[in-house]
Amino acid sequence: STSYLNTLTPAIYTGVWATYQINDRWIMMLGIFNDTDRRIDKAKGISIGSMLSYEKGDFKASLSNFSGREAYGLISVTDLLMDYNITQKHKISCEVLYNFINSDDINNSFYGANLYYTYMINKQKSFNLRAEYFNNKNGFGYDVKENSIYGITAGFKYLIFKRIVLMPELRYDKATKNTFINDDGG
């Protein structure tokens, strides 16, 4: 399943990225592209993206930003990802994201954090947990203002063949306001 943070953030870029390896631990990327999530550019102009990545041993971190014009206004997304392999079988990860949108009719931001735990059973199988917090003060994407959503997802990932993955999951979500269909108050 997709987390709330990744549901509402841009995902498709058409443009060019340049990568510069600063040293054996640091990598810098810069990109120029059209608006995101569309194959037809509805907001003429250029968007800029950047990413700074660090890797040392079992620890990886990246800080990225996307800023530009979308059809509904200016957008800026900042995302911090961190991964740490505790052992060969145990991995933890964290994602913190802040999204800001500003236009004539929308002045909105949302933010949140996801914590991940992965237990590698073997090369083909893993058990996965995700805990998430999503704060959506102005109701962007869900039309419910002053709302926070908490979720937990447990799943099993099985690589059947090289490119076929089976991923059954159980998910529980709770919101501070009526958000979901047939929601009875939380």
Side-chain angles (χ1 to χ4, degrees), residues 1-39 43 45-70 73-102 108-120 123 126-137 140-141 148-155 157 159 162-163 165 167 169 171:
S1 66
T2 303
S3 71
Y4 291 97
L5 294 182
N6 294 315
T7 300
L8 296 175
T9 54
I12 298 170
Y13 302 102
T14 303
V16 62
W17 282 91
T19 302
Y20 176 71
Q21 184 156 355
I22 300 166
N23 58 38
D24 62 340
R25 294 188 179 146
W26 292 92
I27 296 175
M28 177 72 174
M29 295 174 65
L30 292 173
I32 298 174
F33 36 82
N34 64 359
D35 67 339
T36 58
D37 286 332
R38 290 168 189 80
R39 287 171 177 76
I46 294 175
S47 298
I48 298 171
S50 62
M51 180 183 291
L52 180 63
S53 299
Y54 175 81
E55 184 173 345
K56 181 179 179 184
D58 293 325
F59 177 76
K60 296 177 189 176
S62 66
L63 178 64
S64 61
N65 180 270
F66 161 83
S67 295
R69 179 167 294 283
E70 291 288 310
L74 297 174
I75 184 172
S76 180
V77 180
T78 303
D79 194 16
L80 173 65
L81 297 168
M82 295 178 286
D83 295 317
Y84 181 66
N85 293 326
I86 301 168
T87 68
Q88 285 185 331
K89 293 198 175 270
H90 300 274
K91 177 182 174 180
I92 56 172
S93 302
C94 176
E95 177 180 22
V96 179
L97 184 136
Y98 177 78
N99 188 332
F100 177 77
I101 299 166
N102 190 4
N108 191 1
S109 64
F110 62 83
Y111 59 90
N114 292 343
L115 298 174
Y116 302 89
Y117 168 76
T118 301
Y119 174 71
M120 295 297 300
K123 288 183 180 182
S126 66
F127 172 74
N128 307 287
L129 285 173
R130 178 182 66 228
E132 60 185 298
Y133 169 73
F134 178 72
N135 182 291
N136 193 6
K137 182 178 180 181
F140 180 74
S148 294
I149 300 173
Y150 304 87
I152 189 156
T153 304
K157 185 175 180 180
L159 181 64
K162 282 187 175 185
R163 292 184 169 83
V165 178
M167 289 183 12
E169 293 181 329
R171 180 174 178 149

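Sequence positions, counted from 1, serve as the residue numbers for this chain.
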Nearest 0.5 Å, please: how far is [atom2] in [Y] from [atom1] in [X]?
{"X": "Lys60", "Y": "Leu81", "atom1": "NZ", "atom2": "CG", "answer": "11.5 Å"}
{"X": "Asn135", "Y": "Ser109", "atom1": "CG", "atom2": "OG", "answer": "7.5 Å"}
{"X": "Glu55", "Y": "Arg25", "atom1": "CD", "atom2": "CZ", "answer": "10.5 Å"}
{"X": "Glu132", "Y": "Leu97", "atom1": "CD", "atom2": "CG", "answer": "12.0 Å"}
{"X": "Ser126", "Y": "Tyr119", "atom1": "OG", "atom2": "OH", "answer": "11.0 Å"}
{"X": "Ser62", "Y": "Ile27", "atom1": "OG", "atom2": "CD1", "answer": "10.5 Å"}

Counting C-beta onward and ignoring hydrogens, is there a side-chain heavy-atom pair between [X] and [Y] closer than 4.5 Å?
{"X": "Leu115", "Y": "Ile92", "result": "no"}
{"X": "Arg171", "Y": "Arg130", "result": "yes"}
{"X": "Asn65", "Y": "Ser76", "result": "yes"}
{"X": "Tyr116", "Y": "Lys91", "result": "no"}

* Trace of the side chain to side chain contact (heavy atoms under 4.5 Å, CB included) decision for Thr78 with Phe100 -> CA-CA 9 Å; Thr78 303; Phe100 177 77; over 6 Å; no
* **Asn128 side chain vs Ala154 backbone, donor-acceptor pair below 3.5 Å** => no
* Main-chain N/O of Trp26 paired with Asn23 side-chain donor or acceptor, under 3.5 Å -> yes
* Asked: Can you say whether the rings of Phe66 and Phe33 are parallel (under 30°), tilted (30 to 60°) or perpendicular (over 60°)?
  -> parallel
